Amino acid sequence: MKTDILPVNAASIKRAAFLLRAGEVVAFPTETVYGLGADALRPGAVLKIFAAKGRPADNPLIVHIAETDTLDMLTAHVDNRARQLMDRFWPGPLTLVLPKAGVVPDTVTAGLSTVAIRMPSHPAALALIKESGMPIAAPSANRSGRTSPTAAAHVLGDMQGRIPLILDGGPCGVGVESTVLDMTGERPVLLRPGGVTVEMISDVLPGLVVDRAVLHPLEEGATARSPGMKHKHYAPDAQVLVVRGEASRVIEKTRALYDAAQAQGKRVAILCPQNRTEAYALRNMHVLGTHTQDMAANLFEALWALDGEGVELIIAEATDTRDMGLALMNRLLRAADFSVIDV
Ligand code: TXA
Ligand code: MG
């Protein structure tokens, strides 16, 4: 299959909507990462997403909507707390897990009784949902287990020949996937941190619980509250090591690891914040940004770029986990398969 890339405009949105109505999958930009969309109410179309990604069938998809009215069709019940969150954060990078209605196919929810829903804020995503007239099921548009795409070129790298169309809307602003919040229990549970932070949610609702799996590997035999947590994630070709601790010791350890790997003839890179340019001068460093927000926004782009350069080892400094630091560390720890050196 030939994969077209078209810039976002009225004509390309029409073309994408036509393909979706024909039961095809299409990649499109959102404010978080690129999504791989299909008609959420058509199991045959949804199965094509799983096939293109090589995604395990037990990992459910997020349904994207453009109007809150669509919720009534997709959900069995939306309580007051969920309404408050939607009022504050939709459209935007917040996904709510809610009790599902019968119309949502099991292929979307992996047989769960709940469905994950979000209203993206990216104008192209909203236009595509409206033009196609359907709720769109869409995971990130990468091969399963690989780094999520924040640019159309990343999608092409993973999906060429597997899907008919990629809508190119330029780089994604948030750069990490949406926050996933389970609203079906007594207290809201954060399953995946993202652009809407713990601090922002706690400002609206009390009692938020952060699932242990956000920052820790799943324990042997434990069941994941969010099926996505048990699968391998964000794995670049390079090995990733995270160095965590007090700043001067982190710098010392990072330099030592770098120099040792380089002496072995390995291609190495350091991922670090802006204020380390002097500390790592003359070493191959990739500055992610100044604050955790821009660092998170640039992380996936950095992983894609370093893979492109053939880097074999990435040494990354841990950041604090406040605000966007939680999403950043959640992705980084998974990219490193939880290989952390505490100093
Ligand atoms: O920002 C995003 O959310 C992007 C863009 C395209 O919207 N989408 C995305 O989808 O990241 P995906 O499939 O890569 O991640 C969906 C996550 C997975 O961890 C999945 O397990 C979880 O949401 N999830 C989906 N439905 C769920 C449910 N009913 N209960 C618990 N977790 C669910
Ligand atoms: Mg994904």
Side-chain angles (χ1 to χ4, degrees), residues 25-38 40 46 49-50 52-65 74-76 89-101 104-122 124-126 128-129 135-150 154-155 158 167 169 172-185 188-196 211 213-214 218 223-235 296 300 327 330-331 334-335:
V25 297
V26 164
F28 62 98
T30 83
E31 72 278 21
T32 58
V33 301
Y34 276 72
L36 192 62
V46 172
I49 296 178
F50 284 88
K53 278 183 67 88
R55 184 177 176 107
D58 65 352
N59 194 1
L61 306 178
I62 295 172
V63 180
H64 296 67
I65 61 173
L74 300 173
T75 58
F89 300 115
W90 279 7
L94 176 66
T95 296
L96 299 175
V97 174
L98 300 164
K100 90 172 186 90
V104 183
D106 279 344
T107 39
V108 169
T109 63
L112 298 174
S113 59
T114 56
V115 59
I117 303 179
R118 92 175 185 99
M119 187 188 292
S121 63
H122 196 293
L126 289 171
L128 182 61
I129 299 164
I136 298 181
S140 48
N142 51 283
R143 299 277 285 273
S144 191
R146 310 226 343 126
T147 307
S148 299
T150 55
H154 304 159
V155 180
D158 265 18
L167 289 179
C172 303
V174 179
V176 291
E177 306 88 335
S178 63
T179 304
V180 179
L181 202 56
D182 183 350
M183 296 303 295
T184 59
V189 181
L190 183 86
L191 300 180
R192 180 177 74 183
V196 173
D211 195 277
V214 166
L218 207 63
T223 45
R225 288 194 68 143
S226 176
M229 283 178 180
K230 70 171 184 269
H231 297 291
K232 198 166 155 44
H233 257 100
Y234 315 116
F300 291 157
N330 169 271
R331 305 312 192 275
R334 279 172 174 72

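Everything numeric here is computed off the predicted structure, so don't read it as measured data. Atoms considered below: every heavy atom in the structure, side chains included; atoms not considered: hydrogens, waters and symmetry mates. Just so you know, ligand 1 is whichever comes first in the structure, and atom 1 is the first atom listed for that ligand.
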Option with minimal heavy-atom separation from atom 25 (C) of ligand 1, where the choices are Ala125, Pro60, Gly194: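 Looking at heavy atoms only, the winner is Pro60.
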
- prompt: Among His64, Arg55, Lys53, whose heavy atom sits nearest atom 7 (O) of ligand 1?
  reply: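 Nearest heavy atom to atom 7 (O) of ligand 1 lies in His64.
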
Report yes or no: does [X] contribute a side-chain atom to a donor-acceptor pair with the main-chain N or O of [Y] at less than 3.5 Å?
X: Arg192; Y: Ala327; answer: no
X: Arg143; Y: Gly54; answer: no
X: Thr179; Y: Val196; answer: yes

Contacting atoms of ligand 1, where contact means under 4.0 angstrom from a heavy atom of [X]:
X: Thr114; answer: 28 (C), 29 (N), 30 (N)
X: Leu112; answer: 28 (C), 29 (N), 30 (N)
X: Leu191; answer: 31 (C), 32 (N)
X: Gly35; answer: 6 (C)
X: Ser140; answer: 8 (N), 9 (C), 10 (O), 12 (P), 14 (O)
X: Thr32; answer: 1 (O), 2 (C), 4 (C), 5 (C)

query: Has Ala138 got any heavy atom lying under 4.0 angstrom from an atom of ligand 1?
result: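 It does, in that a heavy atom of Ala138 comes within the 4.0 Å cut-off of ligand 1.
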
Where does [X] meet ligand 1, judged by heavy-atom distances below 4.0 Å: at the side chain, the backbone, both, or neither?
X: Ser178; result: both
X: Val97; result: side chain
X: Asp182; result: neither
X: Thr109; result: neither

- prompt: Hey, what's the ring geometry for Tyr234 with Phe300, parallel, tilted or perpendicular (30° and 60° as the breaks)?
  reply: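 Tyr234 and Phe300: parallel rings.
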
- prompt: CD1/Ile136 to CG/Leu128 distance, rounded to the nearest 0.5 angstrom?
  reply: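 Those atoms lie 4.0 Å apart.
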
Are [X] and [Y] side-chain neighbours, meaning at least one heavy-atom pair lies under 4.5 Å?
X: Leu96; Y: Met119; answer: no
X: Thr109; Y: Asp106; answer: yes
X: Pro139; Y: Ile49; answer: yes

task: Check whether the side chains of Ser178 and Thr95 place a donor and an acceptor atom closer than 3.5 Å, and report yes or no.
output: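 Yes, side-chain donor-acceptor contact under 3.5 Å.
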
- request: Sort by chain and number the protein N/O/S atoms that are closer than 2.8 Å to the Mg ion (ligand 2), and list them.
  value: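 Sorted hits: Ser140 OG.
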
query: Among Ile62, Thr75, Leu94, whose side chain to side chain contact (heavy atoms under 4.5 Å, CB included) with Ile117 holds?
result: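 Filter result, single survivor: Thr75.
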
field: Residues in side chain to side chain donor-acceptor pair (under 3.5 Å) contact with Asn142, at least two apart in sequence or another chain
entry: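 In terms of side chain to side chain donor-acceptor pair (under 3.5 Å), with neighbours along the sequence ignored, Asn142 is linked to Ser140.
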
Arg118 and Glu177 ion-paired at < 4.0 Å: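 So Arg118 does not pair with Glu177 through a salt bridge.
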
